[in-house]
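Note that the structure is predicted; figures quoted are calculated from it, not measured.
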Amino acid sequence: MNENVSVQNPVNLRLPDGSVRTFDGPVTGTTLAADIGPGLLKAALAIKVNGEMWDLTREIEEDADVSIVTKRDTEDALDILRHDCAHVMAEAVQELFPGTQVTIGPNIQDGFFYDFARDKPFTEDDLAVIEKRMHEIVQRNEDITREVWDRDDAIAYFKKIGEHYKAEIISDLPEGEPITVYRQGEWLDLCRGPHLPSTGKLGDAFKLMKVAGAYWRGDSKNAMLTRIYGTCWTDKKELKAYLHRLEEAEKRDHRKLGREMDLFHLQEEAQGSVFWHPQGYTIWLQMEKYIRSRLQGAGYQEIKTPQLLDSKFWEQSGHWSKFRENMFVVPDEIPSTEEDAPIVSSDAKLMALKPMNCPAHVQVFKQGIKSYRDLPIRFAEFGCCHRNEAHGALHGLMRVRQMTQDDAHIFCREDQITSESVAFCDLLASVYRDLGFPEFKVLLATRPETRAGEDETWDKAEAALENALKETGLEYDFAPGEGAFYGPKLEFHLSDAIGRTWQCGTLQLDFVLPERLDASFVGEDGNKHRPVMLHRAILGTLERFIGIMIEHYAGRMPLWLAPTQAVVTPITSDADDYAKEVFASLEAAGLRAKLDLRNEKINYKVREHSHAKVPAILVVGGREAEQKTVSVRRLGSNDQTVSPLVDVVAALKTEAEMPSGKA
């Protein structure tokens, strides 16, 4: 027997349906797909090995759970397609513009980007040329192969061809980490992978979107690069739908509609804080009134706590170490009037504008002795909070520095976690239905790497929250590592009218803060016990949720929320007196109405009020005055109906009633 002949062990691959395929030795994803069938081989993009994405050409040497990834596996497929699209774009750029260096190009939501170093920055005019070359590269169907290089050889190679950024990336990688390079035809790039087997598998469902400036590694001290953004989808139908969503999103942009409807404005002198105009503040007050009524009906007590708190509370809670750089901090000291004295002494006590309400609510809970019979206690607050967000991250109402949360904290016993969590989920679902968002997804976010509390506490908290979720009957997915630093949480992601998702509501289960802030109640045994703290919000912040509502409804708010619910305008001045009578009837019914007696053509006035998104325009003339009727034109319709005044007022009054959650 020849001792140099190695004996290969069989490799057993378990498929998603539970069946097992056995091979004599190491096997590639391509071989597995071909073994299953020619249709799958043709559709295969990559393979998942024990949950990790691999190239089809990479050998599997040990028993594993595997699945072949095709375009039907949307999330995994999009991930690899977008990754490859970035590489095809980089190849096109270097073919068209020799001397350009490619740096870093990750996937992002709905697409990808790549940063390029070039003496002359790219412009929007270059995108069509680059995109055309990308389609040519796809048509070439270039093979994509994975190579493992020696670290020093890789650094030397990229320096030699002038790719200094790539050489720097390799130098910064941990010692011992494999250096993988992907060759795409004659072109190659440093990359971890995985990738498609060839460029032809990418297809043509991609588009380059825009260019922007970006500092190398996000540091303003480094060189400015040109970033090219693109999008990529599994087929042209998906691409077309996405581009349509972008068009719709642009039309619905709350900043644009906010100006047109005179709702609010922002300005440089108050970065990240909103100036609400009368029309916009009417929406705010209606939303606040609605949420307040729902909370009162659910047994919450409303409180009000200070915006400025001693830093010791944030140190005790753990927020100081986690959020200090995002907090507005001021010294608790009156400046000296002496000329030579420092404005603020070095030993001044620090105060901070609260970025969240949790520690303040604990202080209210701690006043007086609480018994187990008192629990649960539900404290709600429309709490004004401040966070020092970077200027570049601010975005209309969606990302602000001053925000008002529909915040609440439930202090309960452990045996009440399930019932309180179920009650909250029911309340949230009812509110979302009332506001026009019947569809939402739930994610259970588990412990992050950096966290407070012992693993045993986290085990208990995660199990309790998952048990509560099961009790609600809601479907849910996991978001590993995305929990708060003090406890796991539920995230509620609602879907808007054009298919975008927004994470708004949260429910966080916390055993840690009551311990850190020394909150307790007297149990049935007469001893002190720590309450469980449920942090919860439905809207998140009023600013952001109103922004979402404006975009969801494209400014055409439900009648109960519309700042101006109806406008009355006469066709000619002869009907002014009757127009005043109609207006008085609307006001008497509690409707928010306006009277337009301007000497303008009726079509001009109708267009103007329609542009301002007024839900109902009531037009009157001589005939309507004689018959005590009104001609009603509803927003979004070219038709108008003529009805008796009393019927119109009654119908509008009913429609304008605030939802109660009983539907």
Is the shortest heavy-atom distance from the side chain of [X] to the side chain of [Y] under 4.5 Å?
X      : Y      : answer
Leu652 : Leu586 : yes
Glu491 : Val442 : no
Glu515 : Val512 : no
Thr446 : Glu482 : no
Lys349 : Asp310 : yes
Leu394 : Arg401 : yes
Pro514 : Asp510 : yes
Phe113 : Ile108 : yes

Quiz item: Got a sec: does the CD of Glu456 have more than 12 other heavy atoms crowding it under 6.0 Å?
Solution: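 At most 12 heavy atoms, drawn from other residues, nucleotides or ligands, come within 6.0 Å of this atom.
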Quiz item: What about the rings of Tyr372 and Phe521, do their centers lie closer together than 6.0 Å?
Solution: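 When the ring centroids of Tyr372 and Phe521 are compared, they turn out to be at least 6.0 Å apart.
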With a 3.5 Å distance limit and no angle check, can you tell me whether [X] reaches the backbone of [Y] through a side-chain donor-acceptor pair?
X      : Y      : result
Glu414 : Val532 : no
Asp406 : Ile538 : yes
Gln416 : Leu375 : yes
Asn467 : Ala463 : yes
Arg252 : His552 : yes
Ser371 : Arg373 : yes
Thr457 : Gly453 : no
Arg516 : Ser317 : yes
Trp314 : Met327 : no

Give me the atom names and distance for the closest heavy-atom approach of [X] to [Y].
X      : Y      : answer
Leu465 : Ser421 : CD1-OG, 4.3 Å
His83  : Asn107 : N-OD1, 3.2 Å
Pro331 : Leu350 : CA-CD2, 4.2 Å
Ala468 : Val422 : O-CG2, 3.8 Å
Ile283 : Leu561 : CG1-O, 3.5 Å
Phe264 : Gly258 : CE2-CA, 3.8 Å

Do [X] and [Y] have a side chain donor and acceptor closer than 3.5 Å?
X      : Y      : answer
Tyr432 : Glu439 : no
His265 : Arg255 : no
Gln503 : His493 : no
Gln363 : Thr305 : no
Arg324 : Ser311 : no

Inter-residue atom distance [X].[atom1] - [Y].[atom2], 0.5 Å rounding:
X      : Y      : atom1 : atom2 : value
Cys412 : Met533 : SG    : CE    : 11.0 Å
Leu509 : Leu490 : CG    : CG    : 8.5 Å
Ile550 : Lys256 : CD1   : NZ    : 12.0 Å
Thr282 : Met287 : OG1   : CE    : 13.5 Å
Tyr242 : Asp110 : OH    : CG    : 4.5 Å
Leu353 : Phe328 : CG    : CZ    : 7.5 Å

Quiz item: What's the verdict on side chain to side chain contact (heavy atoms under 4.5 Å, CB included) for Leu427 and Arg536, showing C-alpha distance, side-chain angles and the deciding distance?
Solution: CA-CA 11 Å; Leu427 175 62; Arg536 44 108 300 169; 4.3 Å; yes
Got a salt bridge between [X] and [Y], using NZ or NE/NH1/NH2 to carboxylate O under 4.0 Å?
X      : Y      : value
Glu587 : Arg592 : no
Glu247 : Arg245 : no
Glu543 : Arg399 : no
Asp374 : Lys370 : no
Arg378 : Glu420 : yes
Arg413 : Asp415 : yes
Arg217 : Asp172 : yes
Glu475 : Lys441 : no
Lys354 : Asp407 : no

Quiz item: What pairs meet the ring-ring contact (aromatic ring centres under 6.0 Å, His included) rule with one or both residues in residues 286-306, with sequence neighbours excluded?
Solution: Tyr290-Trp560
Practice problem: Start with the C-alpha distance between Glu248 and Lys251, add both sets of side-chain angles, then the distance that settles salt bridge (Lys or Arg N to Asp or Glu O under 4.0 Å), and finish with yes or no. | Solution: CA-CA 5 Å; Glu248 278 296 309; Lys251 293 176 191 173; 3.4 Å; yes
Quiz item: Hey, which of Phe492, Trp502, Phe545 is the one that makes side-chain contact (heavy atoms from CB on, under 4.5 Å) with Phe437?
Solution: Phe545
Quiz item: Of the options His254, Arg544, Glu389, which is the one that meets His395 in a side-chain contact (heavy atoms from CB on, under 4.5 Å)?
Solution: His254
Practice problem: Quick one: do Glu302 and Phe382 satisfy side chain to side chain contact (heavy atoms under 4.5 Å, CB included)? Show the steps, please. | Solution: CA-CA 8 Å; Glu302 190 171 345; Phe382 294 99; 3.4 Å; yes
Quiz item: Is the Phe411 ring parallel, tilted or perpendicular to the His409 ring (thresholds 30°, 60°)?
Solution: tilted
Exercise. Test Arg387 against Met403 for side chain to side chain contact (heavy atoms under 4.5 Å, CB included), laying out the working first.
Key: CA-CA 8 Å; Arg387 296 182 185 178; Met403 67 212 74; 3.8 Å; yes
Exercise. Starting from the C-alpha separation in whole Å, work towards a yes-or-no answer on side chain to side chain donor-acceptor pair (under 3.5 Å) for Asn357 and Gln405.
Key: CA-CA 9 Å; Asn357 301 299; Gln405 299 176 327; 3.1 Å; yes
Exercise. Could you check Trp216 against Ile104 for side chain to side chain contact (heavy atoms under 4.5 Å, CB included), going step by step and ending with a plain yes or no?
Key: CA-CA 9 Å; Trp216 168 236; Ile104 295 173; 3.7 Å; yes
